[in-house]
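Convention: sequence-line order gives letters A, B, ...; per-chain numbering from 1.
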Number of protein chains: 2
Amino acid sequence: MNIRHLTFRLLQVHVEVVRRGSVSEAARRLHLTQPTVSQQLKRLREAVGEPLLATRQGRLEPTEAGLELYRASREVLGRFDDFADYLGALRGGRRGHFSIALVNTAQYVLPRLLGPFNQAYPEVEVTVHIGNRQQMLRRFDRQEDDLYVFSHPPSLAHALAGRFLRNPLVMVVPRDHPATREPGWRLHRLLGERLLLREPGSATRMLTERWLLEQGQATGPTMQMASNEAIRVGVASGLGLAILSEHVLPPEHPDLVTLPVPGLPIESHWQFIARRDRRLAHSALGFLRFARDHLDDCVEARFLCNELPELLAGLEAVEA
Amino acid sequence: MNIRHLTFRLLQVHVEVVRRGSVSEAARRLHLTQPTVSQQLKRLREAVGEPLLATRQGRLEPTEAGLELYRASREVLGRFDDFADYLGALRGGRRGHFSIALVNTAQYVLPRLLGPFNQAYPEVEVTVHIGNRQQMLRRFDRQEDDLYVFSHPPSLAHALAGRFLRNPLVMVVPRDHPATREPGWRLHRLLGERLLLREPGSATRMLTERWLLEQGQATGPTMQMASNEAIRVGVASGLGLAILSEHVLPPEHPDLVTLPVPGLPIESHWQFIARRDRRLAHSALGFLRFARDHLDDCVEARFLCNELPELLAGLEAVEA
DNA sequence: GAGAAGTATAGATGTTAATCAATGGATAGC
DNA sequence: GCTATCCATTGATTAACATCTATACTTCTC
């Protein structure tokens with residue numbers, strides 16, 4: 001038997017003929033003419049190298065080989081029906097896998113979206129990679145993930161972006177800091193104090209440094225700490241001041257105060273980035289649609305900034 | 001996904017590429033050129049409607065759809081390997097089914113062949129139909145069986161025959177019959193007695209009547225009984241005489257005597273008959289080969305008459 | 001034994017598949 | 001950054017498929 005000459009179509013025809021016990025009837029059901037079916041059977045018989053059907057009292061009955069082929073064909077066609085279902089689920093975004101890469105700061109918010117998404121699409125697996133901006137840029141360059149979250153996107157030559165969340169950076173000081181009691185405190189005094197900074201490559205640090213430059217003020221000593229957590233705890237313990245994302249602050253923070261500094265908060269946004277040159281996994285697309293539709297249920301209204309409709313429109317244009 | 005454009009060949013190629021992680025390597029293994037494989041992959045991708053492979057760190061890895069297709073393909077190809085095995089067994093006569101139709105008298109001998117055959121080929125199923133000559137002729141006309149056993153074959157226009165066993169018909173009388181003590185008994189006296197006959201249509205009866213005619217003797221009363229068993233018991237109980245196949249007599253028969261009548265035994269033979277216009281099941285062919293090779297182990301030497309080599313040669317000529 | 005229904009074959013045609021050699025563009029390793 | 005390797009594409013050719021209409025052949029049925 002030469003499997004290379006078998007096609008699924010031939011198997012379908014064989015199954016139909018065995019079921020109906022008649023070439024003509026099978027032809028009608030398959031919307032073919034009778035000679036076509038006869039010829040397909042002939043080819044199938046030649047491919048298998050055995051007679052597959054025998055006429056017994058006016059009805060076509062499969063031979064032993066024909067019966068076994070019928071069984072095999074049904075299994076095989078059934079298996080591909082299953083595969084088609086799988087594909088359908090994949091395409092509908094109801095199943096599959098995608099990965100998303102976050103800058104550190106975003107990890108405080110994204111679970112609010114991922115949790116409900118997972119409830120709604122339990123068969124979709126999501127891998128989340130977390131790191132600082134530098135690391136995320138590397139992943140982006142290597143196209144390692146389906147989606148990225150940046151506050152300031154890299155070159156958009158090969159990517160599409162859509163904002164989804166405000167990310168205001170505010171000045172945090174210890175609760176007992178003199179400026180909290182002294183209405184007339186001066187910025188240059190404040191900036192003379194020690195500033196706790198994220199490592200270079202962090203977006204928070206970049207924005208902070210740019211803002212400091214804009215202020216045209218001399219700055220005091222700094223201390224570098226590699227995580228938002230560490231900085232927050234550092235400020236609370238009187239180690240210095242810091243400019244941090246509001247999302248980093250816990251809802252209740254008895255040891256900290258955000259200081260209403262003129263020129264602050266630094267307005268930045270998080271955005272979803274998808275590469276334009278790489279086909280997005282259906283499930284990732286499904287996640288973006290979910291985010292678009294449920295963002296306002298998942299995040300506080302004051303942070304809302306839903307530009308995802310535009311992003312999705314852009315992505316769908318790329319598809320076509 | 002349009003299943004009509006899928007071929008087993010494409011699946012084989014996909015499986016090989018996924019296994020090797022390389023188009024070129026797969027091409028080498030499949031004895032194809034690299035562009036051929038690339039193009040097959042393209043067709044497959046188009047048939048499925050999804051990307052199936054993605055290059056990840058220098059190696060081709062299947063996408064989710066590609067992985068699922070790989071799984072489906074392996075199952076399906078495996079299923080057809082099984083089918084090929086089944087076909088092999090069928091063709092080798094190691095499995096399958098055939099039916100054989102016997103005239104009544106032959107049922108005393110055929111089990112001697114069928115028993116050992118079943119030991120040697122436990123996966124072959126045999127259906128045995130038993131009846132008198134008339135009934136067997138009907139079955140033969142309708143081509144209902146693979147093999148037939150006749151003592152006198154029907155027209156051989158559409159069939160091939162091969163003798164395999166002598167079937168001598170002898171005169172049986174009760175043990176206490178006068179002729180057994182009286183050396184000078186006369187045939188015409190004997191034939192004046194009641195003769196137990198099989199029903200019309202029976203081969204034994206046909207041969208008996210022809211022999212009686214040849215003797216040119218007037219015959220006495222007759223009684224008709226529908227089975228060899230009944231006749232044997234009838235003779236033993238003094239109901240009359242009979243001409244019976246030696247095979248019908250049990251090894252020990254205290255109530256019966258076979259009388260050495262001049263002109264007896266009537267020499268006849270059993271033969272296997274196979275239709276020439278119907279392809280013989282591989283298993284039936286296997287049975288004939290088995291009979292050819294093991295006949296002398298299965299029957300008494302004095303009945304041996306193995307013309308099966310000729311029959312098989314004839315059948316193989318028909319195949320070609 | 002004539003008719004009806006079913007099946008097989010033949011001839012024709014447009015489509016698709018299978019395959020190759022040649023070539024251009026990506027990528028990884030040194 | 002150069003080079004070898006790999007992959008995709010193009011263009012071409014031959015074979016195979018899918019399908020039809022028309023016709024011939026079987027085989028039940030009445």
**Prompt:** Could you give the CG-to-P distance, from A:L6 to C:dA17, as a whole number of Å?
**Reply:** 16 Å
**Prompt:** Nearest to the side chain of B:Q34, which nucleotide is it out of D:dA8, C:dT7, C:dT19?
**Reply:** D:dA8
**Asked** What's the CD-P distance between A:E46 and D:dA16, to the nearest Å?
**Response** 12 Å
**Complete:** To the nearest angstrom, the CZ-P distance between A:R28 and D:dT19 comes to 17 Å
**Message:** Counting only heavy atoms not in A:R292 (residues, nucleotides, ligands), do more than 12 fall under 6.0 Å from its CZ?
**Reply:** yes
**Message:** What's A:S22 touching, base or sugar-phosphate or nothing? Going by heavy atoms closer than 4.0 Å.
**Reply:** sugar-phosphate
**Prompt:** Start at the 5' end of DNA chain D and walk down; is the nucleotide closest to B:K42 or to A:R9 reached first?
**Reply:** B:K42
**Prompt:** What is the distance from CG of B:L44 to C1' of C:dA17, rounded to the nearest Å?
**Reply:** 14 Å
**Prompt:** Base, sugar-phosphate, or nothing: which does B:L41 touch, judged by heavy atoms less than 4.0 Å apart?
**Reply:** nothing
**Item:** Donor + acceptor pair across side chains of A:H97, A:T127 (<3.5 Å)
**Value:** yes
**Fill in**
Among C:dT7, D:dT21, D:dT19, the one nearest any side-chain atom of A:P35 is D:dT21
**Message:** Quiz question: by atom type and distance under 3.5 Å, do the side chains of B:Q12 and B:R9 form a donor-acceptor pair?
**Reply:** yes
**Asked** Taking the side chain of B:T33 as heavy atoms from C-beta outward, which of D:dT19, C:dA21, C:dT7 is closest to it?
**Response** C:dA21
**Message:** Base, sugar-phosphate or nothing for A:E25? Non-hydrogen atoms, less than 4.0 Å.
**Reply:** nothing
**Request:** Check every atom of D:dT19, D:dC17, C:dT7 against the side chain of A:S38 and return the nucleotide holding the closest atom.
**Result:** C:dT7
**Fill in**
B:L30 atom CG is separated from C:dT19 atom P, nearest whole Å, by 9 Å
**Asked** Taking only N and O in the side chain of A:S24, is any of them less than 4.0 Å away from OP1 or OP2 of C:dA5?
**Response** no
**Request:** Grab the CZ-C1' distance between A:R20 and C:dT7 for me, whole Å please.
**Result:** 18 Å
**Among D:dC20, D:dT10, C:dT19, the one nearest B:T36 by side-chain distance** = C:dT19
**Asked** How many angstroms lie between CD in B:E75 and CZ in B:F80, if you round to the nearest 0.5 Å?
**Response** 13.5 Å
**Prompt:** For A:L32 and D:dC17, what is the distance between atoms CG and P respectively, to the nearest whole Å?
**Reply:** 16 Å
**Message:** Rounding to an integer number of Å, can you tell me how far B:Q40 CD sits from D:dT9 C1'?
**Reply:** 15 Å
**Asked** For the side chain of A:H5, counting heavy atoms from C-beta on, which of D:dC17, C:dC20, D:dA8 is nearest?
**Response** D:dC17
**Message:** Using 0.5 Å steps for rounding, measure from the CG atom of A:L147 to the CG atom of A:L110.
**Reply:** 9.5 Å
**Request:** Report the nucleotide, chosen from D:dT10, D:dC6, D:dT9, that has the shortest atom-to-atom distance to any side-chain atom of B:Q39.
**Result:** D:dT10
